[in-house]
Amino acid sequence: MIDIKLVREEPQTVKQGLLSRNLDPSVVDDLLTIDEMRREKLTGVETLKAERNTVSREIGKIKDKGEREAKIADMKVVSDSISALDEELRLIEEKQQELIMGIPNIPLAQVPIGKDESDNVVLRVEGEIPTFDFEPLPHWDLGPQLGILDFERGVKITGSRFYVLSGLGARLQRALIAYMLDLHIKQGYLEKYTPFMVKGATLYAAGQLPKFADNLYKDHEEDLYMVPTAEVPLTGLHMDEFLEGQQLPLRYTAYTPCFRREKMSAGRDVRGIKRGHQFDKVEMYTYCKPEDSMQELDKMMADAEETCRQLGLTYRILQLCTADISFNASIAYDIEVWAPGCQEWLEVSSISNVGNFQARRANIKFKEEDGRKDYVHTLNGSGLGMPRTLIAVLETYQQANGSVKIPEVLLPWMGGATEIPCCA
RNA sequence: GGAGGGAUGGCCGAGUGGUUUAAGGCGCCUGUCUUGAAAACAGGUGUGGGGUGAACGCUCCACCGUGGGUUCGAAUCCCUCUCCCUCCGCCA
């Protein structure tokens, strides 16, 4: 949520932010108009309330019956006006809130302007595009051939875009998760195990509601949603808290499954397991002071990148342009790994500095010993997203005989297996 | 699922319609005293929003778990929901 004071004081900044995201800036003027109305209405009703408070206190002390009755009658009229004005004010505030909740974060000046994702900037590519002396298979052929990936039964028990991992395939994914969590712990993040379901208020705080309601799975009788990313419960952790300055930065890592309807992506990426309604992810999340957030962004980037490097994957770093950074983000980078079988770059991580955008919604502040108070900055990044990392590992480490070698760093979790044999 | 109890400031805790403008205590901050500290004493100490001002500030409104209601006036009365505790039942 952006600051209404910023809209008031620097409407041009906000408009430019919207323009850079290719959005209509006229909402800023609407907001200014409604804010003016709101303050006018507020001043009026508060004056009446002040009067009522004073006179009501006097009424308690008045002994003369006639005088007392007269004042009560007067205040009844005042009270009725207050009720009416309060209701008008409520509607105005509701409208204002609705408008402000719909405004995305303002991109930082260094974010490249772009029209769509094709304007993202490839900052660098790490590792060589691997070459094979045989035709590398895409995972949708390789997985079933190895007996570790079962599309039909996933569809049978749940529906399209669901699959079952089996044997060493399931174990490989579990190894990836365990390895990533352990790595991030070493990098200074505290592991959290959170609920996989959250209430509506938590999703509002994280910026997922109201805008992305379509993408969420919701319980049909309670106010409970399946998490679309661990970012949501990790934001919720410190919702409505005043943190001590000396506690910061707080760095967390968590594994959760993620549940998304993917209505927007109907028909896209239907082949294989690249995009499902349920996927696993290890997330990194940082709360810090505003002055430290760019440095924390660099750290989180480096920490996510280290995962790809240790896994021996070929990857590239993209700086997202204004059109492609998420609603919450002020600046963001993606990490994409190369999948030699399906011959494409797969997004396995998106790392964002959210600034105080989420902290405002979630009401997370910190206090310094010298009395300074401010909203924290939050950052989030995947480290990494699961099925796609699994795809890249399978496709990168496949051998001519049809087997798949296990990357060195995963061996401690593989129960002695060093490869997935071709007829598992 | 059933029965009962509870939710008040950073913490403890009083408060069943108007001298409560949330008592008192603890903690914290400032000052006096002291070489320094402790103790003692005095003062201060929440969040959000509005108005005003160059600024220290001044002032008003709201907030006693949530959302409604009754009333001239609600922490206090009524309804709703949430959460916590105790006991019973069921259960991986």
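So that the names make sense, note that chain A is the first sequence line, chain B the second, and so on, each numbered from 1.
Contacts between residues 29-37 of chain A and RNA chain B, defined by a heavy-atom separation below 4.0 Å, involve no residue at all.
The backbone N or O of A:D334 sits nowhere less than 3.5 Å from a side-chain atom of A:S349 that would complete a donor-acceptor pair.
With contacts defined as side-chain heavy-atom distances shorter than 4.5 Å, the pair A:N363/A:M239 does not qualify.
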Hey, what are the protein-to-nucleotides 47-49 of chain B N/O distances that come in under 3.5 Å?
{"from": "B:U47", "atom 1": "OP1", "to": "A:K373", "atom 2": "NZ", "distance (Å)": "2.2"}
{"from": "B:G48", "atom 1": "OP1", "to": "A:K365", "atom 2": "NZ", "distance (Å)": "2.5"}
{"from": "B:G49", "atom 1": "N2", "to": "A:E46", "atom 2": "OE1", "distance (Å)": "3.2"}

Protein N or O to nucleotides 17-21 of chain B N or O, pairs below 3.5 Å:
{"from": "B:G18", "atom 1": "O6", "to": "A:R68", "atom 2": "NH2", "distance (Å)": "3.2"}
{"from": "B:G18", "atom 1": "N2", "to": "A:S56", "atom 2": "O", "distance (Å)": "2.5"}

Might you list the N or O atoms of the protein lying below 3.5 Å from N or O atoms in nucleotides 6-10 of chain B, with each pair's distance?
none

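Residue pairs that meet the ring-ring contact (aromatic ring centres under 6.0 Å, His included) test with at least one member in residues 365-389 of chain A, sequence neighbours left out, do not exist here. For residues 53-96 of chain A, no residue pair satisfies the ring-ring contact (aromatic ring centres under 6.0 Å, His included) rule, not counting sequence neighbours.
A:F162 and A:H277 have tilted rings, their planes meeting at an angle from 30° to 60° on a 0 to 90° scale.
When rounded to the nearest whole Å, the span between CG of A:L85 and P of B:A62 equals 14 Å. Across the protein-nucleic acid pair, A:E69 atom CD and B:U71 atom P stand 15 Å apart, rounded to whole Å. Taking atom CD of residue A:E87 and atom P of nucleotide B:G69, one finds them 9 Å apart after rounding to whole Å. Distance NZ (A:K49) to C1' (B:G51): 16 Å, rounded to an integer number of Å. One atom, CD1 of A:I82, and another, P of B:G73, lie 8 Å apart when rounded to the nearest Å. Between the NZ atom of A:K41 and the P atom of B:A62 there is a distance of 18 Å, rounded to whole Å.
Under the Watson-Crick or G-U wobble criterion, with both distances below 3.5 Å, B:U71 is left unpaired in every strand shown. Within the shown strands, B:A40 is the pairing partner of B:U32 under the Watson-Crick or G-U definition, both distances less than 3.5 Å. With a 3.5 Å ceiling on both atom-pair distances, the Watson-Crick or G-U wobble partner of B:G27 is B:U45. Across all strands shown, B:U16 remains unpaired; no Watson-Crick or G-U wobble contact has both distances below 3.5 Å. Across all strands shown, B:G2 is found opposite B:C87 as a Watson-Crick or G-U wobble partner, with both distances under 3.5 Å. Across all strands shown, B:A55 has no partner, as no Watson-Crick or G-U wobble contact with both distances under 3.5 Å is found. Remark: B:A7 base-pairs with B:U82; criterion is Watson-Crick or G-U wobble with both hydrogen-bond distances under 3.5 Å.
OP1 or OP2 of B:C61 has not a single side-chain nitrogen or oxygen of A:T43 nearer than 4.0 Å.
Look at the C1' atom in both B:G89 and B:G17: the space between them is 42 Å, to the nearest Å. For the P atoms, the distance from B:G49 to B:G43 is 31 Å, rounded to whole Å.
For the pair A:K405 and A:Y397, the cation-pi test (distance below 6.0 Å, angle within 45°) is failed.
Within 4.0 Å (heavy atoms only), A:N53 reaches sugar-phosphate atoms of the nucleic acid but no base atom.
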